[in-house]
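Before any comments, here is the structure.
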Amino acid sequence: QVQPVESGGGLVQAGGSLRLSCTASGRIFSQAAMGWYRQAPGKQRELVATITSGGDTNYADSLKGRFTISRDNAKNTVYLQMNSLKPEDTATYYCNLMWRAYSTWGQGTQVTVSS
């Protein structure tokens, strides 16, 4: 099983920006759909953004315009650019890889936005 690895989380002031990265080795990366999800303590995991193997993107409505998902297949990496961060964006952010019936998650990276 290929396991994505996230990086780039940290502490940032409200209004600031952060870019998360997720890397997954293997030749299936370019064929896989990738997604970012987040989970705050005591809350359900929720969709942030997804990107298909063809590059089509989907965002949570509340995040569209602030967050951007992209991928670089040459680097087996998907990114999440987060701008105008708000305290309510504080959560653990998880990367997901999906290829047909195969799905796997990264360990998560913590994002904390201070007011």
Side-chain angles (χ1 to χ4, degrees):
Q1 181 176 344
V2 176
Q3 187 169 43
V5 178
E6 304 96 334
S7 63
L11 176 65
V12 64
Q13 277 280 344
S17 298
L18 205 60
R19 189 178 76 160
L20 307 183
S21 299
C22 171
T23 299
S25 63
R27 65 178 185 268
I28 70 169
F29 178 87
S30 63
Q31 304 172 55
M34 303 294 297
W36 286 99
Y37 298 75
R38 69 185 185 183
Q39 187 169 25
K43 296 185 178 180
Q44 296 270 59
R45 187 172 298 187
E46 65 177 349
L47 167 74
V48 174
T50 61
I51 184 166
T52 69
S53 60
D56 294 331
T57 59
N58 182 61
Y59 299 89
D61 287 342
S62 62
L63 302 179
K64 188 175 295 185
R66 294 196 298 121
F67 288 15
T68 303
I69 189 171
S70 62
R71 67 192 297 161
D72 185 342
N73 288 341
K75 297 180 178 180
N76 277 20
T77 300
V78 63
Y79 303 96
L80 183 68
Q81 179 67 47
M82 305 184 293
N83 298 324
S84 301
L85 284 163
K86 306 174 180 179
E88 51 262 45
D89 295 320
T90 295
T92 302
Y93 285 70
Y94 297 91
C95 179
N96 173 250
L97 179 152
M98 197 282 288
W99 181 76
R100 296 192 175 185
Y102 178 76
S103 180
T104 187
W105 296 84
Q107 81 292 339
T109 185
Q110 178 66 37
V111 172
T112 302
V113 184
S114 62
S115 60

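Throughout, numbering of the chain's residues begins at 1 and tracks the sequence. What you see below is based on every heavy atom in this structure, not just the backbone, and it leaves out hydrogens, waters and symmetry mates.
Distance check: Cys95 SG to Tyr79 OH gives 12.0 Å after rounding to the nearest 0.5 Å. For the atom pair Glu46 CD and Tyr37 OH, the distance stands at 11.0 Å (nearest 0.5 Å). Taking NZ of Lys64 as the start and CG of Asn58 as the end, the distance is 7.0 Å to the nearest 0.5 Å. The structure places OG1 of Thr68 at 11.0 Å from CE of Met82, a figure rounded to the nearest 0.5 Å. The CG atom of Leu18 sits 13.0 Å away from atom CD of Gln13, with the distance rounded to the nearest 0.5 Å. Interatomic distance, Met34 CE to Ile51 CD1, rounded to the nearest 0.5 Å: 9.5 Å.
For Glu88, the CD atom counts as densely surrounded, since its 6.0 Å shell holds more than 12 non-hydrogen atoms of other residues, nucleotides or ligands.
Taking the six-membered ring for Trp and thresholds of 30 and 60 degrees, Tyr94 and Trp105 have ring planes more than 60 degrees apart, a perpendicular arrangement.
Between the side chain of Tyr59 and the main chain of Ile69, a donor-acceptor pair closer than 3.5 Å is present. Tyr102 places a side-chain N or O within donor-acceptor distance of the main-chain N or O of Val2, the cut-off being under 3.5 Å. In this structure, the side chain of Glu6 engages the main chain of Gln107 through a donor-acceptor pair within 3.5 Å.
The closest side-chain heavy-atom distance from Met98 to Thr50 is not below 4.5 Å. Two residues are said to be in side-chain contact when any heavy atoms from C-beta on lie closer than 4.5 Å; Thr109 and Ser7 fail this criterion.
Considering all non-hydrogen atoms of both residues, Pro4 and Cys22 come closest at CB-SG, 3.4 Å. For the residue pair Ala32 and Leu97, the shortest heavy atom distance occurs at CB-CG, 3.7 Å. Residue Ser84 comes nearest to Asp89 through the heavy atom pair O-OD2, 4.5 Å, listed as atom of the first residue, atom of the second, then distance. Contact detail for Gln3 and Gly106: the closest heavy-atom pair is CG-CA, 4.5 Å.
Side chain to side chain, Thr90 and Thr112 fail the donor-acceptor criterion of an N or O pair below 3.5 Å.
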Test side chain to side chain donor-acceptor pair (under 3.5 Å) on Asn76 and Thr23; report intermediate values, then the result.
CA-CA 6 Å; Asn76 277 20; Thr23 299; over 6 Å; no

Test side chain to side chain contact (heavy atoms under 4.5 Å, CB included) on Val111 and Arg38; report intermediate values, then the result.
CA-CA 9 Å; Val111 172; Arg38 69 185 185 183; over 6 Å; no

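Geometric assessment of Arg71 against the ring of Phe29 yields a positive cation-pi assignment under the 6.0 Å and 45° thresholds.
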